[in-house]
Amino acid sequence: VVAVHMHRSSFLLASTLGVLDAGGAFLLLEPSLPMDRLRTMAEQARVAAVITEEGMPIIPGFSERTRPYRDIQVTDPAVDAFLDGNTDSTSLAFIVFTSGSTGVPKGAMLEHRNLVDYMRVMCAGYDLGMEDRTLQKTLLSFDASILELLLPMFTGGAVVFPDRGREYDMEHLADVIERHRVSFWFSPPAQLQLLLDVPGIEKVNGILRIIACGGEPLTDTLMHRALATLDGVLYQPYGPTETTLWVTQWKCHESHKHPKPSIGKPNSNVDIRIMDAMGRPVPPGMPGELWIGGAQTGRGYINNEEETKKRF
């Protein structure tokens, strides 16, 4: 596992792809997080090396394993000792830590086949192609950042980075969408609300054609406001980190008959069951636990056998 501890830039993307090409698995570390949090993630993942950039503070305990990306050559013995370049579909592709909303954050392990299957479904479901551009603004240690970074690499499109420090300045983001012709946007509902509050936000109409609003439940009020203001297609996706992000999608529309916006139907490569506490299927309309299987389900939590046995 190789940690990438850098600010958003084309060099961050190149370093991430370089780790995969070399046969390693990447762990994105968000620079704005507290250093103790970064160290905990790096230690739990037992990273072999850290790729960084000039001016970035060194994670305590990893100074000897840290290399600025500009200093890494095609053959760097310090890095090559951990990477053999031999991968297949079951090889580990990346680690991403859960939010910790249900307990202590855990490092979910996702394989190449999970990533490829997920990206294929997203490309087809959203009808994305070479002309599409994706805005990357999510904190790099969260799962949605991987979608924002790598989805354009599968479509042949482009990833757009906002100015550093302005990732949550909605007026700036609206300008970025207009100026760089961003066509795909992901945000939690709170950010979508703020985007809609930007004066003259209608200027992105005809440009921003797909809005994926997830991470928290989308309210009916916000859904109707977004549909009335923006002419792009609005989706509510759902899925946990352990299943390569989203496993269901719902295309929002005004005439739905649900009590609130739905999480939709499973992706074509996903199997979902609603089960009771004893692991038995529940009748339609009854509450239960969501069990997720299929091509997007990862291999478990890194260096955490106990939690892996509980959840997988």
Side-chain angles (χ1 to χ4, degrees), residues 5-13 16 28-34 53 55-56 99 122 126-153 155 157-237 245-246 250-254 261:
H5 184 211
M6 300 170 60
H7 292 291
R8 293 170 182 79
S9 70
S10 58
F11 300 110
L12 163 73
L13 180 56
T16 302
L28 298 181
L29 296 178
E30 166 60 42
S32 66
L33 292 180
E53 60 188 353
M56 191 70 72
S99 64
M122 293 298 101
Y126 291 143
D127 191 26
L128 296 170
M130 295 178 64
E131 71 283 358
D132 287 298
R133 298 184 175 186
T134 299
L135 185 67
Q136 202 295 300
K137 60 174 181 55
T138 302
L139 293 176
L140 294 172
S141 290
F142 288 104
D143 49 16
S145 68
I146 295 170
L147 173 73
E148 295 170 336
L149 274 175
L150 298 186
L151 185 59
M153 304 302 102
T155 65
V159 58
V160 177
F161 299 101
D163 291 349
R164 187 182 302 177
R166 303 188 71 184
E167 294 87 354
Y168 300 104
D169 178 341
M170 292 300 148
E171 291 192 13
H172 171 65
L173 295 184
D175 290 340
V176 169
I177 292 170
E178 181 185 30
R179 185 168 66 252
H180 295 287
R181 312 294 295 181
V182 170
S183 54
F184 179 83
W185 155 290
F186 163 76
S187 75
Q191 291 179 19
L192 177 59
Q193 179 75 58
L194 293 173
L195 182 71
L196 295 174
D197 289 340
V198 173
I201 190 57
E202 292 83 2
K203 67 183 180 181
V204 305
N205 285 338
I207 301 173
L208 184 61
R209 68 182 191 88
I210 298 172
I211 306 105
C213 186
E216 298 172 358
L218 176 64
T219 66
D220 204 52
T221 300
L222 180 58
M223 183 201 73
H224 286 294
R225 184 185 178 198
L227 292 174
T229 306
L230 304 176
D231 64 2
V233 180
L234 178 65
Y235 289 89
Q236 175 166 240
L245 199 53
W246 305 329
W250 186 65
K251 184 178 178 179
C252 300
H253 54 91
E254 297 279 3

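Computed from heavy atoms alone, side chains included, the values below leave out hydrogens, waters and symmetry copies.
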When you measure from the side chain of [X] to the backbone N and O of [Y], does any donor-acceptor pair fall under 3.5 Å?
X: Asn205; Y: Asp231; value: yes
X: Gln236; Y: Pro261; value: yes
X: Ser183; Y: Arg133; value: yes
X: Glu167; Y: Gly165; value: yes
X: Asp163; Y: Arg166; value: no
X: Glu30; Y: Leu139; value: no
X: Arg164; Y: Arg8; value: no

Closest approach of Glu202 and Thr229, non-hydrogen atoms and distance?
OE2-CG2, 3.9 Å

Locate the shortest heavy-atom distance separating Pro237 from Cys213; write the atom from each residue and the value.
CD-O, 3.2 Å

Side-chain heavy-atom pair [X], [Y] within 4.5 angstrom cut-off:
X: Met6; Y: Phe11; value: yes
X: Ser187; Y: Leu195; value: no
X: Val233; Y: Lys251; value: yes
X: Thr134; Y: Val160; value: no
X: Leu149; Y: Phe161; value: yes
X: Lys203; Y: Ile177; value: no
X: Pro31; Y: Leu140; value: yes
X: Met223; Y: Pro189; value: no

To the nearest 0.5 angstrom, please state how far the [atom1] atom of [X] sits from the [atom2] atom of [Y].
X: Cys252; Y: Leu218; atom1: SG; atom2: CG; answer: 5.5 Å
X: Gln136; Y: Leu150; atom1: CD; atom2: CG; answer: 10.0 Å
X: Met56; Y: His7; atom1: CE; atom2: NE2; answer: 3.5 Å
X: Leu234; Y: Ile210; atom1: CG; atom2: CD1; answer: 11.0 Å
X: His172; Y: Lys137; atom1: NE2; atom2: NZ; answer: 12.0 Å
X: Asp127; Y: Met122; atom1: CG; atom2: CE; answer: 13.0 Å

What's the verdict on side-chain contact (heavy atoms from CB on, under 4.5 Å) for Leu13 and Met153, showing C-alpha distance, side-chain angles and the deciding distance?
CA-CA 10 Å; Leu13 180 56; Met153 304 302 102; 3.7 Å; yes

Under the side-chain contact (heavy atoms from CB on, under 4.5 Å) rule, what do Leu135 and Leu173 come out as? Steps first, then yes or no, please.
CA-CA 9 Å; Leu135 185 67; Leu173 295 184; 4.1 Å; yes

Whether Asp197 and Arg225 form a salt bridge (side-chain N of Lys/Arg under 4.0 Å from carboxylate O of Asp/Glu) is what I want to check.
yes

Decide if the gap between the ring center of Phe186 and the ring center of Trp246 is smaller than 6.0 angstrom.
yes

For Thr138, all residues meeting side chain to side chain donor-acceptor pair (under 3.5 Å), sequence neighbours excluded:
Glu148

What's the verdict on side-chain contact (heavy atoms from CB on, under 4.5 Å) for Leu12 and Leu28, showing C-alpha distance, side-chain angles and the deciding distance?
CA-CA 9 Å; Leu12 163 73; Leu28 298 181; 4.3 Å; yes

Exceeds 12 heavy-atom contacts within 6.0 angstrom, atom OH of Tyr235:
yes

